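This report refers to the structure that appears directly beneath it.
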Amino acid sequence: MIEPRDVNEIPGDASQRRRHVMKVRTRFAPSPTGNVHIGNMRAAIYNWLFARHMGGEFVLRVEDTDIERSTPEAIQALLDAMDWLGLDVDGEHLYQTTRQKAHLEAAEMLLEKGLAYKEDKGGTGQGECVIFRMPGTDTTFVDGIKGEMTKKAENMQDFVIVRSNGTPVFHLANVLDDIEQGITHVIRGDDHVENTFRHIALYKALGAEIPNFAHLPMIVNKQGKPYSKRDGDAFVGDFRDKGFLGDALFNYLALLGWSPGDDREVMTREEMVEAFTLERCQSSAAQVDMKKLTWMNGEYMMKLPVEEFNAMAFQALEGAGIEADPEYALQVFGLIRERVKTVADIVPMVGYFFSEEFEYDEKAVRKKLQKDGVVDTLNRLKEIFQSLEVFDEASTDKALHDFVEESGLGFGAVMAPARIAVSGIQSGPELFPMLEVLGRERVIERIDRTIVKFL
RNA sequence: GACCCCUUCGUCUAGUGGCCUAGGACUCCAGGUUUUCAUCCUGGCAACACGGGUUCGAGUCCCGUAGGGGUCGCCA
């Protein structure tokens, strides 16, 4: 049996001390319920980062003891989410349901040693459950993030480890499985701090070496309360649906409660792995800032290889039920590529390229189109475009400039109506490349339609 | 209520006793670039929760106060 002082009383940073002694191994132990909370996912990210930084291993344990919710689909969703974020796992996954026998045997052993006892707790008549006896000594551990934590013996109570129906309770299963998987560092949410005192007692009773613990602050909403479904976007899937990139969310979440110590924010995986330490983690709660996430996502979007961007755009189109000629679509994507902040921006931004039923922005029509002279301008523009030998970016650009010059109209008085006539809105890609992609036929047709409809 | 923990700009953070008249990023505002929008550039607004100590010197150390959070299940 190894005494706790081995872990807690040697001065210096335990994680570094062990680096040379044993390989670091961290874990992610989610319940597969179909949705992973971002707080949990951030914990997974920190575990992953820490393991990679230390040259150790990161393993997965699926806590699937809730039979009703732990469906194959839910497990797959969990794996997909991890894959999306690029959290690669070492070794085989451990499914907790396969461990029940071992859990129960351990409980039996504790019973035999007198470290646990049976009782009908509270006299509820549910039958006897197995209760772990707290040792009656003060407990101290050094949290990798929060520092030294102490709990007095009188403030700790015995707790149930096997229910009267014979199933093991979380505390027992969790500790036993961490031992089984050789976990050296348990990095988890703040809500487990109190459990840690119990778990340490269990490790001792089981004669196992106590791992290092580190507790991450919670992610909270604007009111400072734990971030929940009510606050929206509480699950990893929500972010994927909103068009965020896995790499961007990873980077954002990594920085929510940790910083490399310098001014870097948009960082590569390698840079984050290199810089990550628990000592640099924050010990106070953090709020998600969607604006900053969106900004960061935009940074990642711009760096995305063209092929990847196009693949995502095609997928988005398909998802929206838009059928498009691939060649034409590719040209359209090129036009909007650098203006997109999230994948979800794509469809609303390209709608008018693929349909003649696009909407006209009312305000734009009123302010820019329904003015004296615009009919003439558009008619003239149409004639010019029709007469062009080649209809492309350069030729439309030149033609329009010439027209502006000879007519004495301002650029705004020509460009704005032209843009609205062909796209319905005032903002968008540069006008001339856009005209080229749309093609002469569409452009002229749309100008005609605009005149009939509004002027 | 008991026991633990937390507290720097609106938000994420840098800061480990002098380099801090507190730095960066996002947001917001103003100007410029782009004769659209987005981008980009420049500038600006904006914080050490409060009160006591310790010290020549405190955002940094100590003690209180206030506020916030977590936990107190045969949930995980």
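When reading the values below, keep in mind they use all heavy atoms of this one structure, side chains included, and skip hydrogens, waters and symmetry mates. On a predicted model such as this, the values are computed, not experimentally measured, just so you know. Numbered from 1 within each chain, the chains take letters A, B, ... in sequence-line order.
Of the P atoms belonging to B/rG52 and B/rG10, the separation is 23 Å, rounded to the nearest Å. When the C1' atom is used for both B/rA58 and B/rC63, the distance is 15 Å, rounded to whole Å. For the C1' atom pair drawn from B/rG67 and B/rA30, the interatomic distance equals 36 Å after rounding to whole Å. The same atom, P, is picked in B/rC5 and in B/rC62; the two are 13 Å apart, to the nearest Å. Remark: the separation of the P atoms in B/rA46 and B/rU54 is 34 Å, to the nearest Å. Distance check on atom C1': B/rC6 versus B/rU65 gives 15 Å, rounded to whole Å. For the P atoms, the distance from B/rA22 to B/rU33 is 33 Å, rounded to whole Å. To the nearest whole angstrom, the two P atoms, one in B/rG53 and one in B/rU21, are 22 Å apart.
Among the heavy atoms of the strands, none lies under 4.0 Å from A/R337. Residue A/P217 is out of contact with every strand shown, counting any heavy-atom pair closer than 4.0 Å. A/K222 comes within 4.0 angstrom of nothing in the nucleic acid, heavy atoms only. Backbone-only engagement by A/G257 is indicated by non-hydrogen atom pairs under 4.0 Å involving sugar-phosphate atoms exclusively. The residue A/H171 sits close to a base: some heavy atom pair falls under 4.0 Å. At a threshold of 4.0 angstrom between heavy atoms, the contacts of A/Q287 are confined to the sugar-phosphate backbone, with no base atom among them. Residue contacts shown for A/A286 are limited to sugar-phosphate atoms, with no base heavy atom under 4.0 Å away. A/D120 comes within 4.0 angstrom of a base, heavy atoms only.
A/F213 and A/Y203 have perpendicular rings, their planes meeting at more than 60° on a 0 to 90° scale where under 30° would count as parallel. In this structure, A/F276 and A/Y46 have perpendicular ring planes: the angle between them is above 60°, well past the 30° mark.
With respect to the salt-bridge test (charged N to carboxylate O, under 4.0 angstrom), the residues A/D177 and A/R61 qualify. Ionic pairing of A/K146 and A/D190 is present here: one or more N-O contacts between side-chain nitrogen and carboxylate oxygen are shorter than 4.0 angstrom.
Across all strands shown, B/rC74 has no partner, as no Watson-Crick or G-U wobble contact with both distances under 3.5 Å is found. When both distances must be under 3.5 Å, the Watson-Crick or G-U wobble mate of B/rG67 is B/rC6.
Residue side chain A/N174 does not reach the base of B/rA76 through any donor-acceptor N/O pair under 3.5 Å, judged by distance alone.
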Below 3.5 Å between N/O atoms, which protein atoms pair up with nucleotides 1-9 of chain B? Just atom names and distances, please.
{"from": "B/rC3", "atom 1": "O2'", "to": "A/K151", "atom 2": "NZ", "distance (Å)": "2.8"}
{"from": "B/rC5", "atom 1": "O2'", "to": "A/K146", "atom 2": "NZ", "distance (Å)": "3.2"}

